[in-house]
Amino acid sequence: MGSEAGQENERPGHRVWIDSFYLAACQVTNAEYVRFVDASGSDAPSLWDDPNFNHPEQPVVAVSWFEAVKYCEFMGAISGRKYRLPTEAEWERAARGGVEGKLFPWGDDPPQSLPNYDQRWKAGPEPVARSAPNGFGLYEMCQNVHEWCSDWYRPDYYAVSAERNPRGPESGERRASRGGSWRHHIKVTRCAARSSIPPEFQYADYGFRVACDVS
C-alpha cells in the first residue's frame, strides 16, 4: 500500500493484510440512488436537473460523505447485509486488481495510452461499465469520479497504520477519498494516490461505491 515514488502522503510504502470483502463492480448510479431518495425521503442531489450529470447510468455525484453512508445503511436495511463504504486500504487493494507494485490497474503505461483518452470526460462523468474492468472485474477504478472512503484522513497516517485491516485515524476534519476525476487535467489517478475533503462537501466529481462484509 502506498508508493515511495508518489506524493508525501503516500509514504512510506507498506504491506497490509485485509480480510476478505465484497466491493461493487461499479460506482453507484443515478438509477440506483433514486430508489434510495424515493424510499427514504432524502434530498435529491443538486445536479439531477443538469443533463451533464443526470443520465441514469452515470455515477451519482454531489453527494456528501454522510449521504453516501446513509445510502449504505439503507441498502443494509433492505437486504439484511452490512453495506458500507470501503476503507482506503480495501479500495487500494481492489484498485490494483491483483497487480502488485504497478502505478495503475493496467500496469505502468500512462493514462494517455487508454483508448480514446483525449475524447472522454468532456463535461461530466461517463456512464458506468463503459471501460475495461481491472483484474478483479471492477470498473472505473481510478477514474470517472472521486470515491468516498470510510476513513478519516491524515496525511501522515501511513507511518502509524495498523498492519491488519487499517481503518484510518480515530478522528479528523476530512474524509478520505480515492480515484480520479472527470474534471481534472489528468483524468485517471495512480492506485496509490490519496485525496480528501470535508465530509459535508458535495462536489460534482465526488461519488462512491459500496463495500460489503463477507459474513
Side-chain angles (χ1 to χ4, degrees), residues 1-24 27 63-66 68-69 72 82-111 134-136 138-201 203 205-214:
M1 186 175 183
S3 172
E4 294 297 332
Q7 301 295 318
E8 186 66 30
N9 66 359
E10 300 168 31
R11 303 172 194 162
H14 57 292
R15 186 168 297 278
V16 298
W17 285 260
I18 302 169
D19 292 341
S20 297
F21 66 100
Y22 296 115
L23 188 67
Q27 295 150 351
V63 292
S64 71
W65 182 89
F66 298 106
V69 169
C72 294
K82 186 179 179 181
Y83 286 97
R84 54 181 176 76
L85 295 176
T87 66
E88 273 201 273
E90 289 172 333
W91 194 98
E92 186 169 330
R93 164 68 173 155
R96 293 187 180 280
V99 180
E100 293 286 345
K102 299 296 184 180
L103 295 177
F104 301 99
W106 60 85
D108 290 330
D109 291 338
N134 73 1
F136 289 154
L138 306 175
Y139 295 89
E140 286 84 46
M141 297 299 289
C142 299
Q143 60 184 281
N144 222 24
V145 294
H146 296 301
E147 300 181 22
W148 287 113
C149 293
S150 61
D151 315 39
W152 286 109
Y153 172 80
R154 202 175 82 197
D156 61 350
Y157 175 68
Y158 286 1
V160 297
S161 171
E163 289 186 351
R164 292 186 178 274
N165 300 312
R167 300 194 177 278
E170 292 296 321
S171 61
E173 297 181 354
R174 302 166 73 93
R175 288 288 182 177
S177 55
R178 289 301 193 101
S181 162
W182 63 267
R183 67 178 180 182
H184 286 195
H185 177 63
I186 303 297
K187 313 296 185 182
V188 185
T189 63
R190 294 171 294 102
C191 294
R194 304 176 71 201
S195 53
S196 67
I197 59 173
E200 68 273 15
F201 282 19
Y203 280 177
D205 59 345
Y206 261 72
F208 65 104
R209 76 178 71 212
V210 299
C212 182
D213 291 345
V214 171

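For the single chain, residues carry numbers from 1 onward in sequence order. The figures that follow rest on heavy atoms only: side chains count, while hydrogens, waters and symmetry mates do not.
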Exercise. Distance-only, no hydrogens or angles: does the Trp65 side chain make a donor-acceptor pair with backbone N or O of Phe201 under 3.5 Å?
Worked result: no
Exercise. Is Arg175 close enough and on-axis enough to Trp152, meaning under 6.0 Å and within 45°, for cation-pi?
Worked result: yes
Exercise. Cation-pi between Arg93 and Phe21: NZ/CZ under 6.0 Å from ring centre and within 45° of the ring axis?
Worked result: no
Seminar exercise, completed: Rounding to 0.5 Å, atoms CE (Met1) and OH (Tyr158) come to a distance of 3.5 Å
Exercise. Do Arg194 and Tyr157 meet the cation-pi criteria used here (NZ or CZ under 6.0 Å from the six-membered ring centre, within 45° of the axis)?
Worked result: no
Exercise. Do any N or O atoms from the side chain of Arg174 and from the backbone of Ser196 form a donor-acceptor pair under 3.5 angstrom?
Worked result: yes
Problem set entry | Where Pro166 and Ala89 come nearest, the two heavy atoms and their spacing | CG-CB, 3.6 Å
Exercise. If you measure from the Lys or Arg side-chain nitrogens to the Asp or Glu carboxylate oxygens, is any gap between Arg84 and Asp213 under 4.0 Å?
Worked result: yes
Exercise. So does Glu200 have more than 12 non-hydrogen atoms from other groups sitting under 6.0 Å from CD?
Worked result: yes
Compile the donor-acceptor pairs under 3.5 Å between side chains in residues 95-108 and protein atoms, sequence neighbours left out, one pair per line.
{"unit_1": "Arg96", "atom_1": "NE", "unit_2": "Glu92", "atom_2": "OE2", "d": "3.4"}
{"unit_1": "Arg96", "atom_1": "NH1", "unit_2": "Lys102", "atom_2": "O", "d": "2.9"}
{"unit_1": "Arg96", "atom_1": "NH2", "unit_2": "Glu92", "atom_2": "OE2", "d": "2.9"}
{"unit_1": "Trp106", "atom_1": "NE1", "unit_2": "Asp109", "atom_2": "O", "d": "2.8"}
{"unit_1": "Asp108", "atom_1": "OD1", "unit_2": "Leu103", "atom_2": "N", "d": "2.8"}

Problem set entry | pair Glu163-Val16: side-chain heavy atoms closer than 4.5 Å | no
Exercise. Does any non-hydrogen side-chain atom of Val69 lie less than 4.5 Å from one of Trp148?
Worked result: no
Exercise. Do you know the tightest heavy-atom contact between Arg167 and Asp151?
Worked result: C-OD2, 3.4 Å
For this session: Could you name each residue pair satisfying side-chain hydrogen bond (donor to acceptor under 3.5 Å, both in side chains) that touches residues 2-12, not counting sequence neighbours?
Result: Glu8-Arg11, Asn9-Tyr153, Glu10-Arg190
Problem set entry | All pairs passing ring-ring contact (aromatic ring centres under 6.0 Å, His included) where residues 159-179 contributes a residue, at least two apart | none
For this session: To the nearest 0.5 angstrom, please state how far the CH2 atom of Trp91 sits from the CG atom of Leu85.
Result: 13.5 Å
Problem set entry | Atom pair CD (Glu88) and OG (Ser150), whose distance is rounded to the nearest 0.5 Å | 8.5 Å
Exercise. Is the His146 ring parallel, tilted or perpendicular to the Tyr206 ring (thresholds 30°, 60°)?
Worked result: tilted
Problem set entry | Reported OH-to-OG distance for the pair Tyr203 and Ser181, which is rounded to 0.5 angstrom | 11.5 Å
Exercise. Any side-chain heavy atom of Glu147 sitting closer than 4.5 Å to one from Glu140?
Worked result: no
Exercise. Is a side-chain N or O of Arg178 found less than 3.5 angstrom from the main chain of Thr87, in a donor-acceptor match?
Worked result: no
Exercise. Just wondering, do Glu90 and Leu23 contact through their side chains at under 4.5 Å, heavy atoms?
Worked result: no
For this session: Give a yes or no answer on whether the side chain of Asp19 reaches the backbone of Asn165 with a donor-acceptor pair at less than 3.5 Å.
Result: no
Exercise. In Å and rounded to the nearest 0.5 Å, what is the OG1 to CE distance from Thr189 to Met141?
Worked result: 9.0 Å
Problem set entry | Glu170 CD to Arg154 CZ distance, which is reported to the nearest 0.5 Å | 10.0 Å
